[in-house]
Amino acid sequence: MANKKYWLIKSEPDAYSIDDLKRDKKTCWDGVRNYQARNFMRDEMKVGDLVLYYHSNAKPPGVVGLARVSRTAYPDHTALDKKSKYYDPRATKDKPIWMMVDIEFVERFPQVISLDTLKQTKGLEKMRVVQRGQRLSVQPVEAAHFQVIRKMAK
DNA sequence: GCCAACGTTGGC
DNA sequence: GCCAACGTTGGC
């Protein structure tokens, strides 16, 4: 597939871990409430794109596995659900504001590639996730960075 | 639990 | 449209 992109998505393992994804096989990536992250999902994520799964607020934080985009962006229904913690009163059916994609489980790495390891790895110095103050929960990953990490996973 | 970094909100 | 105040993220 031409122009395949690579991504990194963050999740707190207490909320939804790679093991949860493995169990469910696929999930809708709801609850993203950041415009930049939403735009990446809405405008650039394509079916088949590979996604590094990152555990934030974990011990240690790091990349724990691989997922794949299985459905392009569609409205995030949790924004319309008053009972959801992701409810956004500004969202309507016509203007849902927030979008989500579906992702499916690919693999769980045999060991976590910790943030600390990523920071120490040559070639990854420019990777977004190792930059200070980088909070985006959905971010693009350069192909070269992706390949380095994939090799490290073995 | 702390707090730096960052995004969003809202008064002006 | 500026920017201070506030809320959230996420490493430590």
Side-chain angles (χ1 to χ4, degrees), chain A residues 5-24 26-45 49-69 72-103 105-142 144-146 148-153:
Chain A
K5 291 195 166 75
Y6 301 98
W7 305 95
L8 180 145
I9 60 176
K10 296 180 184 174
S11 182
E12 299 193 16
D14 290 346
Y16 196 84
S17 71
I18 186 80
D19 292 320
D20 293 323
L21 180 61
K22 185 176 184 181
R23 179 199 62 217
D24 296 342
K26 64 170 255 185
T27 192
C28 52
W29 205 248
D30 61 14
V32 173
R33 294 294 178 269
N34 170 285
Y35 287 105
Q36 218 182 331
R38 179 206 64 182
N39 293 349
F40 282 133
M41 291 198 297
R42 185 190 60 193
D43 303 335
E44 297 193 49
M45 272 195 179
D49 284 359
L50 289 172
V51 179
L52 297 170
Y53 200 98
Y54 181 93
H55 279 175
S56 59
N57 272 321
K59 292 175 192 169
V63 177
V64 293
L66 204 56
R68 185 189 296 119
V69 176
T72 49
Y74 59 107
D76 180 346
H77 55 79
T78 62
L80 300 172
D81 178 1
K82 280 191 176 149
K83 292 190 189 120
S84 170
K85 65 171 173 170
Y86 300 124
Y87 175 66
D88 184 341
R90 298 170 304 166
T92 65
K93 228 175 175 186
D94 287 339
K95 290 192 175 175
I97 304 180
W98 303 111
M99 309 286 281
M100 61 188 181
V101 297
D102 286 355
I103 61 163
F105 177 80
V106 175
E107 67 175 287
R108 186 193 207 291
F109 293 161
Q111 56 194 30
V112 178
I113 304 174
S114 70
L115 178 60
D116 197 46
T117 303
L118 294 175
K119 284 178 174 168
Q120 290 170 24
T121 302
K122 278 205 176 124
L124 298 182
E125 297 86 352
K126 300 242 172 91
M127 196 179 171
R128 280 199 185 224
V129 79
V130 310
Q131 307 305 314
R132 162 188 181 82
Q134 177 54 65
R135 309 191 313 183
L136 256 195
S137 64
V138 174
Q139 50 185 263
V141 172
E142 287 176 27
H145 295 159
F146 181 87
V148 168
I149 290 171
R150 193 167 213 190
K151 271 189 199 136
M152 291 166 74

Could you please spell out the steps behind the side-chain contact (heavy atoms from CB on, under 4.5 Å) verdict for A:M45 and A:K5? CA-CA 7 Å; A:M45 272 195 179; A:K5 291 195 166 75; over 6 Å; no
Whole angstroms only, please: what is the [atom1]-[atom2] distance between [X] and [N]?
X: A:Q139; N: C:dT9; atom1: CD; atom2: P; value: 15 Å
X: A:Y35; N: B:dT8; atom1: OH; atom2: P; value: 7 Å
X: A:K85; N: C:dG7; atom1: NZ; atom2: P; value: 18 Å
X: A:W98; N: B:dG7; atom1: CH2; atom2: C1'; value: 10 Å
X: A:N34; N: C:dT8; atom1: CG; atom2: P; value: 14 Å
X: A:D88; N: B:dT9; atom1: CG; atom2: C1'; value: 13 Å
X: A:E12; N: C:dG11; atom1: CD; atom2: C1'; value: 12 Å
X: A:R33; N: B:dT9; atom1: CZ; atom2: P; value: 13 Å

Counting only side-chain nitrogens and oxygens, does A:Y54 get under 4.0 Å of the OP1 or OP2 atom of C:dG11? yes
Check whether any side-chain N or O of A:K10 sits under 4.0 Å from OP1 or OP2 of C:dT9, and answer yes or no. no
Using a heavy-atom cut-off of under 4.0 Å over every strand shown, decide if A:R38 touches base, sugar-phosphate, or nothing.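 Since no nucleic acid heavy atom lies under 4.0 Å of A:R38, the category is nothing.
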Between CG on residue A:D76 and CG on residue A:D30, distance to nearest 0.5 Å: 5.0 Å
Counting distance only, does the side-chain N/O of A:Q131 pair as donor-acceptor with the main-chain N or O of A:R128 below 3.5 Å?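 Not a single qualifying donor-acceptor pair exists.
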Taking the nucleotide of DNA chain B with the nearest heavy atom to each, does A:Q134 or A:R90 sit closer to the 5' end? A:Q134
Map A:R135 and A:N57 onto DNA chain B by nearest heavy atom, then report which one ends up closer to the 5' terminus. A:N57
Within residues 110-129 of chain A: residues closer than 4.0 Å to DNA chain C (heavy atoms): A:L115, A:K119
Are A:W98 and A:Y35 an aromatic pair, judged by ring center distance below 6.0 Å? yes
Around atom CD of A:Q134, are there more than 12 heavy atoms from other residues, nucleotides or ligands closer than 6.0 Å? yes
Using only heavy-atom distances, determine whether the side chains of A:D102 and A:W29 contain a donor-acceptor pair under 3.5 Å. no
Looking just at side-chain N and O atoms, do A:R135 and A:S56 make a donor-acceptor pair shorter than 3.5 Å?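 Note: A:R135 and A:S56 side chains miss the donor-acceptor criterion.
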